[in-house]
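The structure appears below as structure tokens.
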There are 2 protein chains.
Amino acid sequence: MFKPLDPLLHSELRLAVMSLLISVDEAEFPYIKQQTGATAGNLSVQLDKLATAGYIAIEKTFKGKKPCTLCRVTPVGLKAFEDYVAALRTYLNVKPDTTQQT
Amino acid sequence: MFKPLDPLLHSELRLAVMSLLISVDEAEFPYIKQQTGATAGNLSVQLDKLATAGYIAIEKTFKGKKPCTLCRVTPVGLKAFEDYVAALRTYLNVKPDTTQQT
DNA sequence: ATTATTTGGTTTATAAAATAAACTTGTTTA
DNA sequence: TAAACAAGTTTATTTTATAAACCAAATAAT
């Protein structure tokens, strides 16, 4: 009836990161931080978890003299995201709304 | 960009319970337990949280001589669920569901 | 009748997660 | 040269989720 939800994606910040990376294809740490509103520490931890799972690839480069952490989603990550959304739908499939609104 | 997700609903079991109660309108503890596959302890805790938030109403009655815990979703709970779904959509970057199945 | 089992839960303990605070390393800027 | 800043990481703390242990009443077995 209810499909289990991938715990790695069922997290507000990680889901936001994945959603963002899917839409932009690649993004730098400060940009992700700004878009998600996360603290650097929290973001660092969650990016690590996503990378460890193989859902994103993290490339550490330099931009001039500044370090630059570049992230992008992997095919595995994209698949996991799609599966997660499909699973989530089993929880959201509620009968059409009959209540009146403004 | 990403709307915050109500932490009370962003939980696999509580979301399943809400989804179930919305679809059936009212249900007894053992039925919810069976449908969600939760352990009794976990279910008891999560039902309490939902009730404390006013998302569900719990009525303790008797069915013959057996105690019977009856749950139903409240208008507040239904609204919260709808808001949660709307917020979730900001993460799924999928246009409002046109795909209708079966 | 007494003991064992089942039903319908609740309470408590523990493992896992999320999150922010504190810290590090190197770079500009005053 | 010292102070502030940028880009993160590491560590500590608080929450959460979850199951294990427990309880009370009813029913079934001996």
Side-chain angles (χ1 to χ4, degrees), chain A residues 2 4-21 26-53 55-72 80 84 87-88 91, chain B residues 2-21 26-53 55-72 84 87-88 91:
Chain A
F2 297 111
L5 299 174
D6 182 345
L8 217 87
L9 292 181
H10 196 63
S11 144
E12 185 159 358
L13 181 50
R14 287 193 301 269
L15 191 64
V17 167
M18 290 295 290
S19 177
L20 184 64
L21 291 184
E26 82 175 29
E28 294 169 17
F29 190 103
Y31 176 75
I32 300 174
K33 178 171 179 293
Q34 180 246 309
Q35 289 292 308
T36 59
T39 60
N42 193 11
L43 183 55
S44 177
V45 169
Q46 306 312 328
L47 286 179
D48 250 25
K49 287 185 186 174
L50 290 171
T52 297
Y55 287 7
I56 66 172
I58 299 179
E59 191 186 348
K60 279 167 189 306
T61 65
F62 278 83
K63 215 181 176 181
K65 290 176 177 176
K66 294 283 187 62
C68 175
T69 298
L70 196 67
C71 305
R72 86 183 73 83
Y84 171 77
L88 203 49
Y91 295 76
Chain B
F2 297 110
K3 287 195 194 161
L5 299 175
D6 181 346
L8 217 84
L9 292 182
H10 197 65
S11 144
E12 184 159 359
L13 181 49
R14 287 193 301 270
L15 192 63
V17 167
M18 290 295 289
S19 177
L20 184 63
L21 289 184
E26 82 174 29
E28 294 169 18
F29 190 101
Y31 176 76
I32 301 173
K33 178 172 179 293
Q34 180 246 309
Q35 289 293 307
T36 59
T39 61
N42 192 11
L43 182 56
S44 178
V45 170
Q46 306 311 329
L47 286 179
D48 250 23
K49 288 185 186 173
L50 290 171
T52 296
Y55 287 6
I56 66 172
I58 299 180
E59 191 188 348
K60 278 168 189 306
T61 64
F62 277 83
K63 215 180 176 182
K65 292 174 174 176
K66 292 284 187 60
C68 176
T69 298
L70 195 67
C71 305
R72 86 184 71 83
Y84 171 77
L88 248 194
Y91 294 76

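Letters A, B, ... mirror the listed sequences (proteins, then strands); counts begin at 1.
- Taking each heavy atom of A:L9 and A:A80 in turn, the nearest pair found is CD1-O, 3.4 Å.
- A heavy atom closer than 4.0 Å to some atom of DNA chain C occurs in A:T39, A:G41, A:N42, A:V45, A:Q46, these being the qualifying members of residues 39-47 of chain A.
- Within the 4.5 Å cutoff, no side-chain heavy atoms of A:R72 are placed close to those of A:L21.
- Using a 4.0 Å cutoff on non-hydrogen atoms, the parts of residues 56-67 of chain A near DNA chain D are A:K60, A:K66, A:P67, ordered by number.
- Contact of the B:E28 side chain with the B:K63 side chain is registered, since non-hydrogen atoms from C-beta on lie closer than 4.5 Å.
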Please tabulate, for side-chain N and O atoms in residues 44-51 of chain A, each donor-acceptor pair with protein atoms closer than 3.5 Å (sequence neighbours left out).
unit_1: A:Q46; atom_1: OE1; unit_2: A:R14; atom_2: NH1; d: 2.5
unit_1: A:Q46; atom_1: NE2; unit_2: A:N42; atom_2: OD1; d: 3.0

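- Smallest separation of non-hydrogen atoms from A:P4 and A:A87: O-CB, 3.7 Å.
- Of the inter-residue distances, the one linking A:Y91 atom OH with A:L5 atom CG reads 4.0 Å to the nearest 0.5 angstrom.
- Residues from residues 28-38 of chain A with heavy atoms under 4.0 angstrom of DNA chain D, sorted by number: A:F29, A:P30.
- A pairwise comparison of heavy atoms in B:C71 and B:I58 identifies SG-CG1, 4.1 Å as the closest pair.
- The two residues B:A40 and B:F29 come nearest to each other via the heavy atoms O-CZ, 3.5 Å.
- Straight-line distance from the CG atom of B:L15 to the P atom of D:dT18: 12 Å, rounded to whole Å.
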Considering only nitrogen or oxygen atoms on both sides, find all protein atoms under 3.5 Å from nucleotides 3-5 of chain D and state each distance.
none

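- Both B:H10 and A:D48 sit near DNA chain D, but only A:D48 has its closest nucleotide nearer the 5' end.
- Look at B:R14 and you'll find a side-chain N or O under 4.0 angstrom from OP1 or OP2 of D:dA17.
- Rounded to the nearest 0.5 Å, atoms CG (B:L13) and CE (B:M18) are 12.0 Å apart.
- The aromatic rings of A:H10 and B:H10 lie parallel to each other, with less than 30° between the two planes, well short of the 60° mark.
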In residues 30-38 of chain B, what donor-acceptor pairs under 3.5 Å come from side-chain atoms, sequence neighbours left out?
unit_1: B:T36; atom_1: OG1; unit_2: B:I32; atom_2: O; d: 2.7
unit_1: B:T36; atom_1: OG1; unit_2: B:K33; atom_2: O; d: 3.4
unit_1: B:T36; atom_1: OG1; unit_2: B:A38; atom_2: N; d: 3.3

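- Atom CG of B:L5 is separated from atom P of C:dT19 by 10 Å (rounded to the nearest Å).
- Considering every non-hydrogen atom in both B:F2 and A:S19, the closest pair reads CE2-OG, 3.5 Å.
- Here the OG1-NZ distance, from A:T61 to A:K66, works out to 13.0 Å after rounding to the nearest 0.5 Å.
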